[in-house]
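Scroll down for the structure; my scribbles are underneath it.
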Amino acid sequence: MSVIDIDHASRWFGNVVAVNDVSMRIGPGVTGLLGPNGAGKSTLINMMGGFLAPSTGAVSLDGQQIWRRESVYREIGIVPEREAMYDFLTGREFVVANAELHGLGKREAQKALATVEMEYAQDRKIATYSKGMRQRVKMASALVHEPSVLLLDEPFNGMDPRQRMQLMDLLRRMGAEGRTVLFSSHILEEVEQLASHIEVIVAGRHAASGDFRRIRRLMTDRPHRYLVRSSDDRALAAALISDPSTAGIEVDMAEGALRIQAVDFLRFTELLPRVAREHSIRLLTVSPSDESLESVFSYLVAA
Amino acid sequence: MYNPTVARLTYRAVLGRRRAAILFVLPALLLAIAVAVRTFNGVDDQVAADVLGGFALAVMVPLIGVIAGTGAIGPEIDDGSIVYLLAKPVKRPTIIVTKLTVAIAVTMVFSAVPTLIAGFILNGNGQQVAMAYTVAALVASIAYSALFLLLGTVSRHAVVIGLVYALVWETLFGSLVSGARTLSVQQWALSLAERIAGEGLIGSDVGLPTAVALLVGVTAAATWYAGQKLRVLKLAGEE
C-alpha cells in the first residue's frame, strides 16, 4: 500500500506558475487527474515521478521525499506522455533493458509483455510500432518490476477504442490489486469510465477532488449558456423566463438571437422544446455557447 | 559505477545513428591520405609527424570525440527517452560514468587505431612517430569524451558547440593566440607525444606536468559535473 502526498506544492518555470499550491493525497486504487491541456497535469506527474523538484512544498511517497532519490523507482513505474523511446530496439529488447535496469531479467520482461498483449509484435523494431503499440510497450516497461505506484501521463492519447478498453481493464485490475494508479487525462468521459476518484487541476490549481459523480454533477449543474434563434424570439423569451430553470435571457438585436442562461440543465433541455411547441414557435438555432472544456473547468474553479 | 545495460543501449545509440557514418569516413580519409603520401612521397619522418599531427590529432580525434561524446547522451536528453534510464534505481553518476566509458571506447577505436595504422603506413613507426600519436590520440580521446559528454548533458546545441570548440578553438584560434593553446586538449596530448617521438619531430606549448594535471583535472571535473547535471535534469517538453 503506497501513498503519494503532495503538500502545498508549487512549481514555476521562470515567471510562469505551472502548479500553484496544490495539496492532495493519492492512495491505492485508480485516481484520475483531470484537467484541460496546459493545466499543469504533466508538471504534477513529473514532480510525483521525481523528475522535477517542487519550487515550494513537498512531494513524498510513504513519507519519504521523492526528488533526488533513485531508490523510489523500486516502488514507482512511470509511463511518460512523450513518444520517444529507443526506436532502434525491438519491443522485447526495450522491455528486457528496462527489466535489467531494475536488476531483473528476461523472465520478468516476458511476463510484462504478456500482460500488455504485445508478444505478437515483440520482435519488431519499436520504430515500426503504431502509437497504441508504443503505449503498450511503454506500459510493459513500467510494469516490469511490479511497482506499487503507477503514474501514467495521458495514457489513452492516440489509442483506438479497443486498445483503450484493454488498457482500462488492465489499470482497473491493478487498482483492484491494491496498487496506487494515477493517470492524467483531459477527457472527462475517459476519467469517468476508469477512476472512482478524481482530482481536477485547472490553471495550476487544485479545482476539485473526490468522487466522479459529485464532480460530474458540479459540471452539469453549472449555468449553461445557449444561443437560440426562433420564429418569435420575444414570445419565446417571455415564456421561458417564467420558469425557474432560466436565470436570464437577453435579446441580442445585432445577432437576431436570444442569449439564455440556464441554471438547471436537465430541466431547461426539457423545457425549451415543450414551450416552443405550446406557443407554436419554431426553433431555428439552439447552440450551447460555452461548452468548451476550459469553460467547464473554470466554472469548477469558481465553485 | 558501470552498468552493462546502459552501456549496451549507449553503444547502439552512438553507432546506430546516421551521424555514425562520420566515425567511418574520417578514419578512411586518414588512411587514404597516408597511403597517398607514402606512395607519392616515400618515407619521411617529418611528413609522417605533420600528417598525424595536422589531420589525425588536430581534426579527426576531436570530431570523433564530438560525435561519440555528445551522441552518448545528447539525443536521449533531446527526445526525452532518457526518462527510461532515469526512472530506475540506478545512480545518476553510474549512468554518466558508463556513458563516458562507451564514448571513450568508441573514440579510441575510431581515432587511435586508425592513427596507429596510418603511422605504420607513413613511415613504419620510424622514430616512434606512430606510437607517439597513438598515445596522444588515446589520451585526447578520454578528455574529449568527458568534455563533449558534459556538453551533451548541458546543452541542446552540443554538436555545434563541440564542432566550434574542436575546429575553431583548437585549430584556428590555438594557432593564432598562444594562450589558447594552454587550454587545448590537443596540446596536452601533444606534450605526451613529444616525449615518445624522436627529438624535434613533435612540439607542444604545454609542459608535461601541466598537461597531465589539466587532462586529469578536466576529465574528472567534467564527469563529476555531468553527473550532477543529470541528477537535476529537467526533462524537455514540459508544459
Side-chain angles (χ1 to χ4, degrees), chain A residues 11 13 16 18-19 35 37-47 49-53 67-89 93-105 126 137-138 141-142 144-145 147 151 153 201 204, chain B residues 1-21 23 71-99 102 106 152-153 156 226-239:
Chain A
R11 172 72 210 196
F13 299 98
V16 181
V19 168
N37 286 326
K41 300 189 297 291
S42 291
T43 305
L44 207 53
I45 287 192
N46 277 327
M47 287 199 283
F51 297 127
L52 267 181
W67 176 240
R68 292 190 111 186
R69 263 187 60 227
E70 290 97 358
S71 60
V72 297
Y73 298 114
R74 292 186 200 288
E75 302 300 324
I76 297 181
I78 292 169
V79 181
E81 184 184 4
R82 301 194 65 176
E83 288 265 309
M85 304 164 77
Y86 292 81
D87 283 12
F88 48 85
L89 300 178
E93 287 169 339
F94 178 71
V95 180
V96 167
N98 276 276
E100 286 175 359
L101 291 167
H102 278 293
L104 304 168
I126 291 175
V137 168
K138 275 154 73 174
S141 78
V144 76
H145 59 304
L151 304 174
D153 198 354
I201 294 284
Chain B
M1 286 305 265
Y2 180 83
N3 184 307
T5 307
V6 175
R8 198 175 68 231
L9 292 173
T10 308
Y11 274 117
R12 294 193 58 171
V14 171
L15 299 178
R17 284 173 214 276
R18 202 166 301 156
R19 264 181 223 162
L23 296 177
I73 198 161
E76 267 168 288
I77 293 180
D78 280 353
D79 72 15
S81 58
I82 193 140
V83 66
Y84 296 100
L85 296 186
L86 299 182
K88 297 294 183 297
V90 177
K91 294 243 173 288
R92 308 287 159 97
T94 301
I95 295 174
I96 287 293
V97 170
T98 304
K99 285 184 170 293
V102 171
V106 169
T153 310
R156 309 193 112 221
Q228 292 303 307
K229 290 309 275 186
L230 197 62
R231 290 193 75 182
V232 295
L233 182 75
K234 275 188 256 167
L235 291 175
E238 270 136 17
E239 294 173 77

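First the proteins, then the strands, lettered A, B, ... as listed; each starts at 1.
Among all heavy-atom pairs drawn from B:R231 and A:R68, the shortest one is NH2-O, 3.6 Å. The shortest non-hydrogen separation linking A:Y86 to B:I82 is OH-CA, 4.2 Å.
Atom CG of A:L101 and atom CD1 of B:I95 lie 7.5 Å apart (nearest 0.5 Å). The line from OG of A:S71 to NZ of B:K88 is 14.5 Å long, rounded to the nearest 0.5 Å. Within the model, atoms CG of B:L86 and OH of A:Y73 stand 7.0 Å from one another, a figure rounded to the nearest 0.5 Å.
Put simply, the side chain of A:E70 reaches to within 4.5 Å of the side chain of B:R92, judged on heavy atoms. Counting only heavy atoms from C-beta outward, the side chains of B:L9 and A:L89 approach each other to under 4.5 Å. Two residues are said to be in side-chain contact when any heavy atoms from C-beta on lie closer than 4.5 Å; A:W67 and B:V232 meet this criterion. Looking only at side-chain heavy atoms (C-beta outward), B:Y84 and A:K138 come within less than 4.5 Å of each other.
No donor-acceptor pair under 3.5 Å is formed between the side chain of A:R82 and the backbone N or O of B:S81.
Looking at B:D79, both its backbone and its side chain come within 4.5 Å of chain A, counting heavy atoms on both sides. At a 4.5 Å heavy-atom cutoff, the contact between B:R8 and chain A is made by side-chain atoms alone.
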